[in-house]
Amino acid sequence: MNAIIFGAPGSGKGTYASRLKSRLDVEVIAMGDIFRENLKEDTSLGRKVKGYVEKGLLVPDEIVIDVLKQHLAKIPKEKGFILDGYPRTIEQAMTLEKIVKIDVILLQLVPDWIIVERLSSRRICQSCGAVYNIRFIKPIVDNICDKCGGLLYQRSDDKPEVIKRRIKVYEEQTSPILRHYKEKTTPFVVSSITALDTSPETVVDTIIKELEKIKLA
Ligand code: ADP
Ligand code: ZN
């Protein structure tokens, strides 16, 4: 199964993708994680993308497309994958089409008020990138990653002004891609959340059931 997990910032893409990865034995390419890793290591890619990421703007297509190609090339032929954070522009979607076939779009629909609540209480593990939420998905020990013992931090783009910019960028530049996939009749699995306390497991179980129905899991 080759899937794109799609949704606004804070819609839970990364959280669900990491759980689907172990349940379905697929690879995940998470564009934001790749950029954050490079920022942390201060690589030349990190230095190129820093200004965009910190302002909540899209990194230019030619940089992103290059990174995607490098990471896709590392995935064994027989293994499926989930793309998280790619494509974010029509140009990125067009390029993807030339390289691989996408079987399904996993669309996350979440009201704005939930997004703002979630993002402002989100914390990330400095070492392994695991995602927590100090209100809803708490680590066992405050500020410490359950998986690796790393310290948790708040993303610099999870500040209220930057969150607003990211939501706007999503609405203007990224959500039009959905129309493109609908026209191509790519199957959609849609998860709609209306409560703040819906657990990731509930969402992931439903996604897997739906994928089984269309013989992709
Ligand atoms: P979100 O929580 O907003 O979904 P991500 O972790 O996926 O955030 O991405 C963080 C930032 O990295 C984005 O705001 C953007 O600056 C950059 N970025 C990630 N993926 C892409 C992409 N496909 N094209 C351009 N910029 C991207
Ligand atoms: Zn960790």
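We're numbering straight along the sequence, starting at 1. Everything quoted here is computed from the prediction, not taken from an experiment. Every number for a ligand or one of its atoms is a count from 1 in the order of the listing.
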Lys/Arg cation over aromatic Tyr132: Lys138, 6.0 Å, 45° cone: no

With a cut-off of 4.0 Å, which atoms of ligand 1 are near a heavy atom of Val64? 22 (C), 23 (N), 24 (N), 25 (C)

Shortest protein contact, atom 16 (O) of ligand 1 (heavy atom only): Leu57 O, 2.5 Å

Quick check: closest heavy atoms across Tyr86 and Met31, and the distance to 0.1 Å? CD1-CE, 3.7 Å

Phe188 side chain near Lys182 side chain, heavy-atom distance below 4.5 Å: yes

Could a heavy atom of Glu54 be found less than 4.0 Å from some atom of ligand 1? no

Please write down residue, atom name and distance for the protein heavy atom closest to atom 17 (C) of ligand 1. Phe35 CD1, 3.8 Å

Metal site angle (apex the Zn ion (ligand 2)), SG from Cys148 and SG from Cys145, 10 degrees: 110°

Ile4 vs Leu106 side-chain heavy atoms within contact, under 4.5 Å: no

Side-chain heavy atoms under 4.5 angstrom apart, residues restricted to Ile, Leu, Val, Met, Phe, Trp, Tyr: same cluster for Leu58 and Ile163? no

To the nearest 10 degrees, how large is the angle at the Zn ion (ligand 2) between Cys125 SG and Cys128 SG? 110°

Within 6.0 Å of NZ in Lys69, more than 12 heavy atoms from elsewhere: no

For atom 24 (N) of ligand 1, grab the closest protein heavy atom and report residue, atom and distance to one decimal in Å. Gln92 NE2, 2.9 Å

If you measure every N/O of Asp84 against every N/O of ligand 1, is any gap under 3.5 Å? no

Minimum non-hydrogen distance to atom 5 (P) of ligand 1, winning option of Lys13, Gln173, Arg166, Arg88: Arg88

Contact (N/O only, under 3.5 Å) between Gly85 and ligand 1: yes

Passing option when Leu119 is tested against Asp158, Asp157, Val162 for side-chain contact (heavy atoms from CB on, under 4.5 Å): Asp158

Do me a favour and list the nearest non-hydrogen protein atom to atom 26 (N) of ligand 1 with residue, atom name and distance? Val59 N, 2.9 Å

So which atom in Thr194 and which in Trp113 form the shortest heavy-atom distance, rounded to 0.1 Å? O-CZ2, 4.0 Å

Within 4.0 Å of some non-hydrogen atom of Arg36, the atoms of ligand 1 are 6 (O), 10 (C)

At what distance, to the nearest 0.5 angstrom, does CG of Asp142 lie from CZ of Arg123? 10.5 Å

closest protein heavy atom to atom 8 (O) of ligand 1 is Arg155 NH2, 3.3 Å

